[in-house]
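Only one structure is covered here, and it is reproduced in the block below.
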Amino acid sequence: HEADAYRTDLMTITRFVLNEQSKYPESRGDFTILLSNIVLGCKFVCSAVNKGEEQKKLDVLSNDVFVKALVSSGRTSVLVSEEDEEATFVESSKRGKYCVVFDPLDGSSNIDCGVSIGTIFGIYTMEHSDEPTIEDVLKPGNEMVAAGYCMYGSSCMLVLSTGTGVHGFTLDPSLGEFILTHPDIKIPNKGNIYSVNEGNAQNWDGPTTKYVERCKYPKDGSPAKSLRYVGSMVADVHRTLLYGGIFLYPADKKSPNGKLRVLYEVFPMAFLMEQAGGQAFTGKKRALDLVPKKIHERSPIFLGSYDDVEEIKALMVADVHRT
Ligand code: P6P
C-alpha cells in the first residue's frame with residue numbers, strides 16, 4: 001500500500017515550482033507559467049531528438065519553439081538565444097516581468113552521432129515597467145533568479161534551481177511529465193575527474209597547463225585523475241554535478257576569452273554549481289560576478305567541486321603575483 005501511495009503522489013516539476021513559489025506571498029504564478037513554457041520547449045526537443053531529426057533542422061526548430069512558447073507565455077520582455085544574433089524584444093501587449101537567456105540546443109554538432117545534447121537557460125527579472133532595453137539582459141549572473149538545463153540523453157532530465165538548491169526531474173514519457181527524481185543535488189566537495197579538451201593544450205597559459213599536469217602527475221602521491229570529456233557542455237557539467245570533479249574551458253592563445261558564452265552557458269552552469277555547493281571561476285573572478293557587455297560574449301570557465309576549483313584559483317592567483 002505504501003508503494004502505491006508513493007506512486008500516486010506525483011511530484012511533477014509544476015507542482016514543485018508552485019510549492020517553491022508559495023513561499024513568496026506576492027507571487028501570482030507568473031514564474032510557474034514561465035517555467036511551464038520552458039518545459040514545453042524541452043518536451044518538444046526531447047521528442048524531436050528521439051525521432052532522430054537531423055541537426056540543421058533541429059537547431060532552428062528548437063529555437064523557434066522556445067521563442068514562440070516564451071513570447072506567447074505573456075511573461076517575458078527580452079529573450080536572448082544562441083541562435084539569434086540580436087535579442088528579441090516582446091511586443092508590449094505580451095510583455096511580462098522576466099527576461100530569458102538560452103541556448104536551445106547546446107552541443108548540437110553531436111546530434112548526428114547520438115551523443116547527449118542539451119538546452120541551457122537563465123532567468124532574470126525586469127525591475128522596471130519602462131520600455132525593455134538590452135541593459136535588461138546585460139546583467140551579472142549574480143542577478144539571475146533561476147537557471148537550469150535539460151539533457152537529451154538515454155533519459156531526458158531537467159535540472160533546475162530557483163535559488164533554493166538544485167533539483168533534478170526526469171521525463172516520464174508515458175505521462176509527458178517531468179517527475180522529481182533527484183531532490184537537492186549536492187556536488188561532492190572534491191572529485192577525481194577532470195574534463196577539458198586536451199587538444200587545445202599547446203595553446204593553454206601557464207596555470208592551466210600546470211593544473212592539468214597536476215591532475216595527470218599528482219605530486220603528493222595521490223592517484224591521477226580520470227579524464228572524461230564528451231564535448232557537449234550539458235553532458236560534461238551534468239556528470240561533474242553528480243560525480244564531482246572539475247570542468248574547464250580555459251582561455252587559449254587562439255581564443256583569449258575561451259569558447260563558452262557568458263549569458264547562456266557560463267552563468268546558468270555557474271548558478272547551478274554554487275547552488276549545489278560547488279563554485280565557478282573565470283580565471284580572474286567569480287563567474288557570476290562578470291558583467292557582460294555584449295549578449296554573445298565569451299569567458300573562460302573553471303567549474304565543479306569546491307576544493308578542485310580552489311586548487312586552480314590558487315595557481316592563477318600565484319601566477320598573477322609572479323608576473
Ligand atoms: P570543443 C559545443 O559546441 C560547445 O558549445 C559546448 O557544448 C561544449 O562544451 C564545447 O562547445 C566543446 O568545445 O572546442 O572542445 O569542441
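Computed from heavy atoms alone, side chains included, the values below leave out hydrogens, waters and symmetry copies. When a ligand or atom number is given, it counts from 1 through the structure's own listing order.
Scanning all protein heavy atoms for the shortest distance to atom 15 (O) of ligand 1 gives Tyr229 OH, 2.6 Å. Glu265 OE2, 3.3 Å is the protein heavy atom nearest to atom 5 (O) of ligand 1. The nearest heavy-atom contact from the protein to atom 2 (C) of ligand 1 is Gly107 CA, 3.6 Å. Among protein heavy atoms, atom 16 (O) of ligand 1 sits closest to Lys259 NZ, 3.9 Å.
Against a heavy-atom cut-off of under 4.0 Å, Ser232 is close to the following atoms of ligand 1: 7 (O). Annotation for ligand 1: atoms under 4.0 Å from non-hydrogen atoms of Met233 are 6 (C), 7 (O), 8 (C), 9 (O). Residue-ligand proximity, Gly231 to ligand 1, at heavy-atom distances under 4.0 Å covers atoms 2 (C), 8 (C), 12 (C).
Within a 6.0 Å radius of CD in Glu91, more than 12 heavy atoms belonging to other residues, nucleotides or ligands are found. Within 6.0 Å of OH in Tyr243 there are 12 or fewer heavy atoms belonging to other residues, nucleotides or ligands.
Salt-bridge annotation for Lys216 and Glu198: present, with a side-chain N of the basic residue lying under 4.0 Å from a carboxylate O of the acidic one. Ionic pairing of Glu310 and Lys313 is present here: one or more N-O contacts between side-chain nitrogen and carboxylate oxygen are shorter than 4.0 angstrom. Salt-bridge formation is not detected for the pair Arg261/Asp106: no Lys NZ or Arg NE/NH1/NH2 atom is positioned less than 4.0 Å from an Asp or Glu carboxylate oxygen.
Ring geometry for His167 versus Phe16: interplanar angle of 30 to 60°, hence tilted. Note on ring orientation: taking the six-membered ring where Trp is involved, the planes of Tyr264 and His296 are perpendicular (angle over 60°, cut-offs 30° and 60°).
Distances from ligand 1 to the non-hydrogen atoms of Arg261 include no value under 4.0 Å. Using 4.0 Å as the threshold, Asp106 has a heavy atom nearer than that to some atom of ligand 1.
Looking at residues two or more places apart in sequence or on another chain, you find a side-chain contact (heavy atoms from CB on, under 4.5 Å) between Lys225 and Lys190, Tyr194, Tyr211, Cys215, Asp308.
When each of Ile120, Leu260, Asp236, Thr240 is paired with Met269, the side-chain contact (heavy atoms from CB on, under 4.5 Å) condition holds for Ile120 and for no other.
Considering backbone and side-chain atoms together, Asn197 places an N or O closer than 3.5 Å to an N or O of ligand 1. Where the criterion is an N or O separation shorter than 3.5 Å, residue side chain and backbone included, Asp236 fails it with respect to ligand 1. For ligand 1, the polar-atom distance check against Val234 finds no nitrogen or oxygen pair separated by under 3.5 Å. Looking at ligand 1, you'll find an N or O of Tyr249 within less than 3.5 Å of one of its N or O atoms.
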